[in-house]
**Q** 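Let me give you the structure first, and then I'll get to my questions.
Numbers restart at 1 for each chain; the letters A, B, ... are given by sequence-line order, proteins then strands. Note that the coordinates shown come from a computational prediction; the quantities given were computed from them, not determined experimentally.
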Amino acid sequence: MYEGPVQDLIEELGRLPGVGPKSAQRIAFHLLGSDPADVARLQDALQRVKDGVVFCDVCGNVSEQERCRICRDARRDPASVCVVEEPKDVLAIERTREFKGRYHVLGGALDPLSGIGPDQLRIRELLTRIGEQEVTEVIIATDPNTEGEATATYLVRMLRDFPGLTVTRLASGLPMGGDLEFADELTLGRAFSGRRTV
Amino acid sequence: MNLYRDTGVVLRVQKLGEADRIITLLTRRTGKVRAVARGVRRTKSRFGARVEPFCHVDVQFYTGRTLDVITQVETVDAFSAGIVGDYQRYTSACAILETADRLAGEEKEPVLRLYMLVAGALRALSAGERDPSLVLDAFLLRAMAFAGWEPAVTECARCGVPGPHSSFSVAGGGAVCTGCRPPGSARPSAETFSLLAALMHGDWECAEASGSVARRDTSGLVAAHLQWHLERQLRTLPLVERRGREETAAT
């Protein structure tokens with residue numbers, strides 16, 4: 001145990017996800033030896049993220065204004081909406097530079113075991129958005145795990161009654177750079193059922 | 001190196017660190033086991049897809065100091081494929097997993113009967129041949145029998161007088177005769193009592209012939225009985241989608 005502020009800092013850092021006691025101690029001593037200007041910059045960044053970041057009124061992504069950068073961008077196609085679980089998924093899809101439409105962040109996935117049902121997610125906002133705006137395609141990009149698949153199933157059921165709306169799901173299959181023999185049955189089965197003509 | 005191998009159903013997964021998960025399994029020989037699966041959240045994980053909820057798997061564990069570590073996984077039955085494609089089946093299956101997790105008790109205490117019940121219920125849900133609500137209620141009734149809380153249906157829970165009876169008391173332990181009936185007891189229909197008995201004894205012909213009112217009442221009684229004895233609410237039960245018999249037949 002260290003004394004006073006150093007121990008407090010180690011304990012606070014240790015509460016962060018992925019930071020164990022050893023890492024917390026290392027970061028605390030790094031900050032103790034850092035230039036005061038660097039620490040002030042970190043302090044300022046932490047304060048600004050809590051004070052200045054809000055969730056976009058339209059898509060639910062993190063934003064500095066009422067509407068996020070993507071929803072404000074007139075070049076993005078409003079007819080195509082990609083539904084994701086978390087704001088970090090938006091960044092992952094943006095890195096591909098493949099998608100030119102807009103997003104809708106649900107804020108998680110349907111997980112009854114954690115008490116998360118449809119009312120805890122931004123599903124109602126999605127349905128309102130599709131009803132009010134001219135959306136022609138919804139791409140469901142929830143995680144390819146049990147909760148993500150169940151969320152996709154639920155969304156498909158809710159969206160199938162919208163006339164003229166195409167609902168698609170991200171393809172899933174074998175990852176690039178892997179060996180076929182190590183693929184599990186579920187993934188390989190998906191890859192087979194989703195095979196395409198070349 | 002202390003390795004052991006068992007067959008089990010994945011009950012629950014929790015995120016751990018950057019790419020790991022803590023997997024809770026209900027196994028055939030060892031009972032409930034919590035073990036770390038390293039790197040399974042990475043897309044290149046060799047067995048990430050096999051340690052998802054509802055998966056029935058053959059697992060090799062390495063005995064760790066606090067938690068065991070999963071070293072190899074092979075699929076026995078991929079129940080999740082048949083379950084997640086239907087929201088009603090999914091919510092019913094989640095309730096089965098949560099109930100099993102609560103009833104399994106201490107870790108590494110063998111609970112073979114509960115394991116068999118869970119695997120059987122998930123198999124029935126995955127096959128999709130029966131109404132998910134009936135499968136869930138049948139599982140809950142039999143799981144309660146495993147825990148020692150089987151509700152009395154054909155005789156009075158208090159004095160043992162053979163039925164049929166017309167009252168049901170959750171606190172009293174099931175059907176109660178007129179003389180033993182505590183205030184506030186429910187008065188289910190004769191069809192509801194028949195359905196309770198059919199679900200407990202696996203009479204699916206009788207269960208599937210039941211009407212939607214009896215099914216709804218049965219679900220309510222079973223949920224109330226379970227939560228009374230568990231002394232806590234289950235998170236999943238309010239989220240279980242219950243559709244009428246006609247709606248289920250239509251889908």
**Q** Report which part of B/A78 has an atom under 4.5 Å of a heavy atom belonging to chain A: side chain, backbone, both, or neither.
**A** side chain

**Q** Can you tell me how the ring of A/Y103 sits relative to the ring of A/F99, calling it parallel under 30°, perpendicular over 60° and tilted otherwise?
**A** perpendicular

**Q** If I measure from the heavy atoms of chain A, does B/L237 come under 4.5 Å with its side chain, its backbone, both, or neither?
**A** neither

**Q** Looking at B/A95, B/P53, B/S80, which one has more heavy-atom pairs under 4.5 Å with chain A than the rest?
**A** B/P53

**Q** Sub-3.5 Å donor-acceptor pair from the side chain of B/D137 to the main-chain atoms of B/L134, do we have one?
**A** no

**Q** Give, as side chain, backbone, both or neither, the part of A/L110 having an atom under 4.5 angstrom from any heavy atom of chain B.
**A** both

**Q** Among A/T146, A/T187, A/V19, which residue has the highest count of heavy-atom pairs closer than 4.5 Å to chain B?
**A** A/T146

**Q** For the pair B/Y90 and B/F54, name the ring-plane relationship: parallel under 30°, tilted 30 to 60°, perpendicular over 60°.
**A** perpendicular

**Q** Using 30° and 60° as the class limits, which term best fits the ring planes of B/H229 and B/W149: parallel, tilted or perpendicular?
**A** parallel

**Q** Do A/D44 and A/R48 sit within salt-bridge range, that is, some charged N less than 4.0 Å from a carboxylate O?
**A** yes

**Q** Given the options A/T153, A/V156, A/I116, which has more heavy-atom pairs under 4.5 Å with chain B than any of the others?
**A** A/T153

